Enquirer: 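This is the structure I have questions about; it appears just below.
All figures in this text were calculated on a predicted structure; none of them were measured in a lab. A, B, ... follow the sequence lines: proteins, then strands. Residue 1 opens every chain.
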Protein chains: 2
Amino acid sequence: MSYSTRQREVILEILQQSDRPLTPPDIRERASQGSAGIGLATVYRALKFFMAQGMIVLVEIPGAVPCYEPADRGHHHHFICQQCRLVFDVQGCVHDLEALAPRDFQVQRHDIILYGVCARCGAQ
Amino acid sequence: MSYSTRQREVILEILQQSDRPLTPPDIRERASQGSAGIGLATVYRALKFFMAQGMIVLVEIPGAVPCYEPADRGHHHHFICQQCRLVFDVQGCVHDLEALAPRDFQVQRHDIILYGVCARCGAQ
DNA sequence: TAAGAATTGAGAATCCAATCTCAAATCAAC
DNA sequence: GTTGATTTGAGATTGGATTCTCAATTCTTA
């Protein structure tokens, strides 16, 4: 049995309303904008719970803190700003990536990560 | 001033002779095949030194221990085996990746990571 | 080969994300 | 509302990679 709690609802809503993947500290910070704060342990527990439910996915980018986003955003990739370190979604993909691997390697999935400067940082 | 030592020479040679990126423990293990062992701290210090010299590069793959390879291997990408967790080089690339990012984002570089099962693990 | 500077090795210490602890609070069902 | 199960929060703890410590060793130059 599992309960629906104010904290979990807030955490899920924050993830759904964000246009980019969020780190646990990001989530905690946003969740604490309102009245009561939320413990970091609670954020981690909720993320684990939603992951197990298949409602969110983990986004791991080298050089960035692991972050999370809703699982229903379709196939896409990520951009990380070298200045502010924020992770952004980028739509689209390319074909024939599997062809890069040696013939006797089985490719199950792929990630494309773009590194650069985001619009905000680029404008100073 | 910096000295050339047996340990650093061994470490660099191990990296150059490997056909895949190696982790610090990998390097230490291989360096200790011969007579004298090498301390892990020494491995980390040498890697830091070679990085500063621009002779090697860090390869970061989510889910894998950070590993290193010579900097002169040209543009390529990586494959990580989901079973043995080893990281392999894959040659080739695809074009127009920069086009995936929003127009006001500047793309400086990219990474492609393939996840799957390597030849050895695929053959049991 | 003498001397000063850099490096090494082993283990301790640090760092930091993630997990655990446990009493207090919250939830769902009756 | 009562009750028992689940969840929360704060801080302590863990785990694993990396760095630090410092005496001993190695290297370079002269």
Side-chain angles (χ1 to χ4, degrees), chain A residues 1-15 20-53 55-69 78 80 84-87, chain B residues 1-15 20-53 55-69 78 80 84-87:
Chain A
M1 203 66 325
S2 72
Y3 296 159
S4 169
T5 66
R6 177 184 66 83
Q7 290 87 340
R8 286 189 183 169
E9 287 168 9
V10 168
I11 289 169
L12 189 56
E13 185 170 336
I14 286 173
L15 283 172
R20 63 176 183 83
L22 298 177
T23 65
D26 281 342
I27 295 166
R28 173 183 153 88
E29 189 178 343
R30 295 190 184 201
S32 303
Q33 296 283 328
S35 47
I38 283 190
L40 192 54
T42 300
V43 173
Y44 276 103
R45 278 182 297 230
L47 291 173
K48 194 171 193 176
F49 174 81
F50 292 134
M51 286 274 285
Q53 300 284 311
M55 303 174 73
I56 66 175
V57 295
L58 170 63
V59 178
E60 287 180 287
I61 306 286
V65 177
C67 47
Y68 298 80
E69 67 184 0
H78 299 95
I80 176 172
C84 64
R85 294 276 123 192
L86 293 184
V87 176
Chain B
M1 207 60 331
S2 71
Y3 298 158
S4 169
T5 66
R6 178 184 65 84
Q7 290 87 341
R8 285 190 183 168
E9 286 168 9
V10 167
I11 289 170
L12 190 56
E13 185 172 335
I14 286 173
L15 283 172
R20 63 176 183 80
L22 298 177
T23 65
D26 281 342
I27 295 167
R28 172 182 154 88
E29 188 177 345
R30 296 188 184 200
S32 302
Q33 297 283 329
S35 48
I38 284 190
L40 192 53
T42 299
V43 174
Y44 276 104
R45 278 182 297 228
L47 292 173
K48 194 171 193 175
F49 174 79
F50 292 135
M51 287 274 286
Q53 300 283 311
M55 303 174 73
I56 65 173
V57 295
L58 170 63
V59 178
E60 287 181 283
I61 306 285
V65 177
C67 47
Y68 298 81
E69 68 184 359
H78 298 94
I80 176 172
C84 64
R85 295 274 123 193
L86 293 184
V87 175

Enquirer: Kindly determine whether B:M55 and B:L15 satisfy side chain to side chain contact (heavy atoms under 4.5 Å, CB included), including the steps that lead there.
Expert: CA-CA 10 Å; B:M55 303 174 73; B:L15 283 172; over 6 Å; no

Enquirer: Is the shortest side-chain heavy-atom distance between B:V10 and B:I27 below 4.5 Å?
Expert: no

Enquirer: Return the set of residues passing side chain to side chain donor-acceptor pair (under 3.5 Å) with A:E69 (not counting sequence neighbours), or none when no residue passes.
Expert: A:H76, A:H78

Enquirer: Expressed as a whole number of angstroms, how long is the span from B:L47:CG to C:dT7:P?
Expert: 14 Å

Enquirer: Return the angle between end axes of the helix from C:dT1-D:dA30 to C:dC30-D:dG1, with five pairs used per end and rounding to 10°.
Expert: 40°

Enquirer: With A:R8, which residues qualify under side-chain contact (heavy atoms from CB on, under 4.5 Å), at least two apart?
Expert: A:S2, A:T5, A:A46, A:F49, A:F50

Enquirer: Check DNA chain C against residues 57-64 of chain A and give the residues with a non-hydrogen atom under 4.0 Å, in numerical order.
Expert: none

Enquirer: Got a sec, which residues hit side-chain contact (heavy atoms from CB on, under 4.5 Å) with B:A41, two or more places apart in sequence or on another chain?
Expert: B:R45

Enquirer: For A:P25, give me all partners under side-chain contact (heavy atoms from CB on, under 4.5 Å), at least two apart in sequence or on another chain.
Expert: A:T23

Enquirer: Which parts of nucleotides 24-30 of chain D does protein reach within less than 4.0 Å, heavy atoms only, written one letter per nucleotide 5' to 3' as B for base, S for sugar-phosphate only and - for none?
Expert: ---BS--

Enquirer: Please tabulate the protein-to-nucleotide N/O contacts below 3.5 Å involving nucleotides 18-20 of chain C, giving atom names and distances.
Expert:
{"unit_1": "C:dA18", "atom_1": "OP2", "unit_2": "A:Y44", "atom_2": "OH", "d": "2.4"}

Enquirer: A:E13: which residues meet the side-chain contact (heavy atoms from CB on, under 4.5 Å) condition with it, sequence neighbours left out?
Expert: A:Q17

Enquirer: Between A:R28 (CZ) and D:dG9 (P), how many Å, whole number?
Expert: 9 Å

Enquirer: Atom CD1 of B:I38 and atom C1' of C:dG11: how far apart are they, to the nearest Å?
Expert: 18 Å

Enquirer: Which residues satisfy the side chain to side chain donor-acceptor pair (under 3.5 Å) test with B:E9, sequence neighbours excluded?
Expert: B:S4

Enquirer: Rounded to the nearest Å, what distance is computed from the CZ atom of residue A:F49 to the C1' atom of nucleotide D:dT7?
Expert: 11 Å

Enquirer: Can you sort out the partners of B:R20 under salt bridge (Lys or Arg N to Asp or Glu O under 4.0 Å), two or more places apart, ordered by chain and number?
Expert: B:D26

